[in-house]
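Here is the structure we will look at.
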Amino acid sequence: MQQICESVRMENTLVTTCFARRYFLKSMLSLLCVLLQVACGMKPSSLSDTLTQAESLIDMQPDSALALLSLSEVEQPDAPEEVRMYRRLLIARANDRLHIPAASDSLILPVVRFYEKCGSRERLTEAYYCLGNIYRDMNDVPRALKAFYQAVESGEQTKLYAMVGNAYEQMGTLLVGQYIYDEAQRMFRKSKDYYEQAKYLPGYARALRNIAHVHSKKQENSNAEWYYKEALQMCRRLGYQQLANSVASELGCVYFEMGRREQPQEILAEVLKNNPQASNALLCMGRISLWRGDWEQARRYFQETIRCGDVHEQSLAHRLLMEMEEKQGDTLAALVHRERYLYLQNNVGMAVQSNAIEKLHLLYSFQHEERKNLELNLKNKAYLQHIYLLLSCLITVVLAGVLASWRIRSKRQEAVEQEQRLRRMQEEKYKNSLACIEANEQKLKELERDLAEAVADKDLLQSQLLLSQKELLELSNRRNHAFRDTQELLEAAFCQSDIYILFHKAGREENPKVTETQWAELRTAIDTTYANFTDRLYALYPKLSGQELRICYLVKTGIPVKGMAQLLNRSKAAITVARCRLYKKIHGTEGNGEMFDRFIADF
């Protein structure tokens, strides 16, 4: 690194400053230029406004910024050099934010040369940083490290603390990839200091995670545990869920390496719940399952690691599977895993490490950097590419807007329809309730009083009207009483039925065996007792799954949660969660299992 420093300082001594050329025009000529711009339909400062707007969008909406920059380049290809270089710098930053890898450094090298000669140190720092990102994407580690170091040296004299922290973080990441852990640790600590100066909390949390990662690579697990805990606590406090999952996954692996075999299981299970493709968590869970003796579960975890992990994780998974198959006597399967393991080891083993060390030696002896000549004869092709990119962005934005609008309208319509269905259900429920009967009885008393008064006043028409209303209420009450009596008889018959007794008995057994025919009989019995229960439930929420419908049947039958867990071969916690989810699906609001049970009981 010392040779890099010397090389960079020698190059920086050759940087010269230049002054923007000033043109003095007569007042009439200036006025003529303004009039010509207005006649062309363009404001004099429109290009500057476009670049300023694009710069403001780069961090939060890089795709929109890239579209603006492409439009600006198409509209004014012959802009002054300072504007064109600034536009290229913004394009490079937007591409990096969008994770669009660069095929070459032809876009950014002229920008770096321009700002080395003239321009602010902040712009030069950004140009060096973008150059480092491009070399990183091209897997050119020596030149990437040198560019990031140039960004650090230039940025330390500015207030771009977050960018300097980013440059240190990128250098540390590259050094970890080359197995230079001590130097990487120093880079990550530097990045933490600069993130703290910038009050950039996401970067600070990443720096803690990176320092812990290097400690774990160096088998310094106690130090790694401390930094991982600090990073995890900070991520959870600030709501950085994705970073928290990454930190928790690595912390669980550290616990396993420290011999705490029970402790990491809960942490890793939570990680896999949020991110089922967290390959290092899958690998560690497989090793825990292997330690527990659960070979089938370990095999599933290892196979999932092979599917979504990197080559190092795949290699270890194949080796562990090979050892498992050998112990189980499956020689053929063990041979297959052994061949895959050896193949991956040959690709990513000592050869990779040897090449990495050669790259570092090349880096430390790096004195002069060769610069590529910029291709100028592809201007027309570049214009077409920018136009296509702009059109693609516009079409994507329009389609995304239409899709989002359609989804919002659909969700609103579904919510309104669900609310109407629930309201109708409540109205129907009230018509057959004791409350409705009591309300009708109260109205009958009032009608009898009014009828007596009408008779006393000899108001024949009023008497007939009140008498008709009284007969209607009495008829309604008789119907409600008949309905309730019939329902009580049906429920009594259901509670004494063979299928009811069978399910209650099965719910108390350890390993109940209920056939599909018996489930069908339970459905028929419930539909007979409760007036097409299934059809009414589907009418209220058509997206019920078969398993969810069976939970509704068991709740209606009065099976306790433990019995439901036995009958459905699930845990009590899973049944509780399913009932809460069902309540939310039907009502659109949060609720607990007891609220769902009451709803089904009254349905």
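Judged purely by distance below 3.5 Å, without hydrogens or angles, the side chains of N166 and Y195 pair a donor atom with an acceptor atom. Looking at R121 and T125, their side chains never bring a donor and an acceptor atom within 3.5 Å of each other.
Remark: H318 pairs with H337 by the ring pair (Phe, Tyr, Trp, His ring centres under 6.0 Å) rule, at least two apart or across chains. Partners of E122 under the salt bridge (Lys or Arg N to Asp or Glu O under 4.0 Å) rule, at least two apart in sequence or in another chain, do not exist in this structure. E81 meets the salt bridge (Lys or Arg N to Asp or Glu O under 4.0 Å) test with no other residue; sequence neighbours excluded. Not counting sequence neighbours, the partners of E225 by the salt bridge (Lys or Arg N to Asp or Glu O under 4.0 Å) test are K229, R260. Evaluation of the ring pair (Phe, Tyr, Trp, His ring centres under 6.0 Å) rule for F188 yields no partner, not counting sequence neighbours.
Put simply, CG on L145 and CZ on R136 are 11.5 Å apart, with the number rounded to the nearest 0.5 Å. Between K218 atom NZ and D182 atom CG the span is 4.0 Å, to the nearest 0.5 Å. Between Y181 atom OH and S216 atom OG the span is 8.5 Å, to the nearest 0.5 Å. In this structure, the separation between CD1 on I58 and CG on L90 is 4.5 Å, given to the nearest 0.5 Å. For the atom pair CG of D105 and CZ of R143, the computed distance is 5.5 Å after rounding to the nearest 0.5 Å. Considering CZ of R300 and CE of M285, their distance stands at 11.0 Å, rounded to 0.5 Å.
In this structure the side chain of I288 never reaches within 4.5 angstrom of the side chain of Y301, judged on heavy atoms. With a 4.5 Å cut-off on side-chain heavy atoms, K199 and Y204 do not count as touching.
Using a distance-only test at 3.5 Å, with no hydrogens or angles considered, no donor-acceptor pair links the side chain of S249 to the main chain of S246. Although no hydrogens or angles enter the test, the distance criterion places a donor-acceptor pair under 3.5 Å between the side chain of S392 and the main chain of Y388.
Each of E230, R206, M234, R209 was checked for a side chain to side chain contact (heavy atoms under 4.5 Å, CB included) with V247, and the lone residue meeting it is R209. When each of F114, Y115, Y129 is checked for a side chain to side chain contact (heavy atoms under 4.5 Å, CB included) with L89, only Y115 meets the rule.
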Please lay out, stage by stage, how Y86 and E55 fare under the test side-chain hydrogen bond (donor to acceptor under 3.5 Å, both in side chains). CA-CA 10 Å; Y86 181 45; E55 184 180 24; 2.6 Å; yes
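A parallel orientation is assigned to the rings of Y227 and H215, their planes being inclined by less than 30° (bins at 30° and 60°).
For residues 386-405, no residue pair satisfies the salt bridge (charged side-chain N to carboxylate O under 4.0 Å, His left out) rule, not counting sequence neighbours.
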